[in-house]
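Only one structure is covered here, and it is reproduced in the block below.
Quantities reported herein were computed from a predicted structural model and do not represent experimental measurements. Atoms within a ligand are numbered from 1 in the order they appear, just like the ligands themselves.
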Amino acid sequence: MSDKVKRETLEFQAETRQLLDLMVHSIYTNREIFLRELISNCSDAIDKVRFAALTDSSLLGDDKDFAISLEPDEKKGTLAVVDNGIGMTYQEVIDNLGTIARSGTRSFLEQLKQSGQTPDGELIGQFGVGFYSAFMVAEQVTVLTQKAGGKTGVKWESTADGSYTVEEYDKGSRGTKVILKLKPEFRGQDKDGDNFTDRQTLQGLVKKYSDYIRYPIRMAFISEKKPLDKDGKEVKDAPAAPVVEVKTLNSMVPLWAKPKTEIKREEYNQLYKEMFHDWEDPLEVLHSRLEGSVEYANLLFIPARAPFDFYNRELKSGIRLYSRNVFVMSDCSELLPDYLGFVRGLVDSPDFSLNISREILQHSKQLKTIGKNLEKAVLKALENMLKTDKPKYNKFWAEFGRAIKIGIYHDYGAREKLQELLLFHTSKSGDDAVTLADYVGRMPEKQKAIYYATGKDAASIARLPQMEGLRDRDVEVLYLYDRVDEFVIDALREYKGKKFQSISRGDLDLSDLTGDDDQRQAAEKLQESNKSLLKAIKDTLGEKVAEVRISSRLKDSAVCLVSSDQGISLSMEKIFQEMNQSFFKARRILEINPGHDLFAALNRLYELSPKSDEFRDFCFLLYDQALLIEGILPDDPVKFANQVARLMAAAK
Ligand code: ADP
């Protein structure tokens, strides 16, 4: 070997140049991920040297204190990331840092080309682009490295302008030091920008992205301190002097990798609050590990409270993906079905590489398997909670019940399991809502259907005329208060072979409850004998109603409006109306109580003259009343009020 130190300037391979260009011009906002990428390279390099030392212990020499260090320098505007890992030889530096060996990177570039995305696209963050991400924040990168067991080191340097230099360099110790000359906006010169020479910032980033790296990530903190006397007390008069204190920034052992028995609930709570920025402890913690064809650990949390805008925004998954303790991505929505969007937590699986893209992830079989397991685990935990700790479940239900309901009509496959988790107040439940199993369990044998009613609250449902017949027969009725409830019932159609029956829809046949058919037959008879009257009312009301008939569900009230079994219900119509979709209309059926005095009065008017204004007015009044009971305004409220006023004025 000649005495002259070898030095070359080399061109980057075409693809690398492309990638570098992307990095340099990236306006991607999440540039801080560069640190995660560099630290994870360090961690890999230490893994490698430890592995190599298994067969050749001389590789380590005296240096067995495996560690990663961050060395920021505010004055120079640099940040160095240092490890005592395997290091690289001259040729390895050229191979690894001058070309792209990773198949992943190639596919990343392909994807970028195909999608026509600009470099600021989310892809960068999702993908992670390894070493080259350093150029998002640095104008120049210098790498000093020495292979374990090697005699001399190498210096690599580039400003990402298409070429780089490599030269032999006397480093003196094993491992790699990556020195970033930060762009001005990242070294504290831009007030609003990130300052990657700031120790607090770096500490925060390590906590966020690399807390669970298995090797200590150290940084020196310098503070002015007064010297201590022999008792350990500060010497008051002495001048303060700079004291260097090296701190380990990461906690190294991930909580989820520890055995459950060694973890206190408080530790879980702490991690949850830190990671997910919540101030309240989670309601439930699910921690488990699986080894087999797929290998992973999961740590999931059910929060105690829904975020205030939980139901109004696009659900973002709160599941993070880790691979061997290193953060891969947040919001990994592929891991849980949408309806479990309230679950927070993480999955750590060695089956995923750090640089996996979302696109590849979506097609991953392992991910699907893990996802299925997690869904099962969460549902099982909820079932358990429901069985063993109802007050706690009630709390859950108040916060996230609607998510479960949405799952029922969005996720066909989950329906069977989810229906067991539903809670309803009923005409007999009091404050403590019951499950469908509770309801069916105490249903009299002769009852064939599960009855339900919709309304604002218990009091307004209890006042519904349609409730009269059921109350009379002591039938339990589910109360649906939430606007999505009826859609849930509609999606379920039946529970354990019992059909759901709205008290305000279709032909409410209560004969099975009384055991005899008398009432029904009586109603049918009246229907027949009053045929012409009913037809006259229908003709008067015209298109407003689809049918006018004798009611078998009313007891004290004169009329009620029901909707047919087909199509949507009146309450659904109201919801659609609020959503400005008024083209969905329920088929309205006006039911009249034949036992009411009003029915007799109507009959009299009809006998006198079916064409009179009075009969006509009565018909409309009747219809408007029925609308009001349903909480729907009469079509012409002024006219309605005038008609009532006229009637009142005529009173004797
Ligand atoms: P990846 O780490 O995903 O392979 P990178 O672009 O981050 O891709 O790095 C390219 C290669 O450079 C690595 O595979 C590794 O061989 C080498 N390398 C990077 N950083 C280090 C380091 N700190 N120590 C040793 N080798 C490194």
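- Heavy atoms of Glu37 come nearer than 4.0 angstrom to ligand 1 in no pair at all.
- Glu157 places none of its side-chain heavy atoms less than 4.5 Å from the side chain of Tyr169.
- Between Asn96, Thr145, Val178, it is Asn96 that holds the heavy atom closest to atom 11 (C) of ligand 1.
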Chi angles and distances behind the side-chain contact (heavy atoms from CB on, under 4.5 Å) call for Glu139, Arg187: CA-CA 11 Å; Glu139 52 194 28; Arg187 55 171 109 116; 3.2 Å; yes
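- A side-chain donor-acceptor contact under 3.5 Å links Asp211 and Ser251.
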Trace of the salt bridge (Lys or Arg N to Asp or Glu O under 4.0 Å) decision for Glu383 with Lys417: CA-CA 9 Å; Glu383 261 167 52; Lys417 288 164 274 166; over 6 Å; no
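- Where the criterion is an N or O separation shorter than 3.5 Å, residue side chain and backbone included, Gly87 fails it with respect to ligand 1.
- Using a 4.5 Å heavy-atom cutoff, the side chains of Glu37 and Tyr209 are not in contact.
- Polar contact check, Asp44 against ligand 1: no nitrogen or oxygen pair lies under 3.5 Å apart.
- For atom 22 (C) of ligand 1, the candidate residues are Val49, Val93, Thr176; the nearest heavy-atom contact is made by Thr176.
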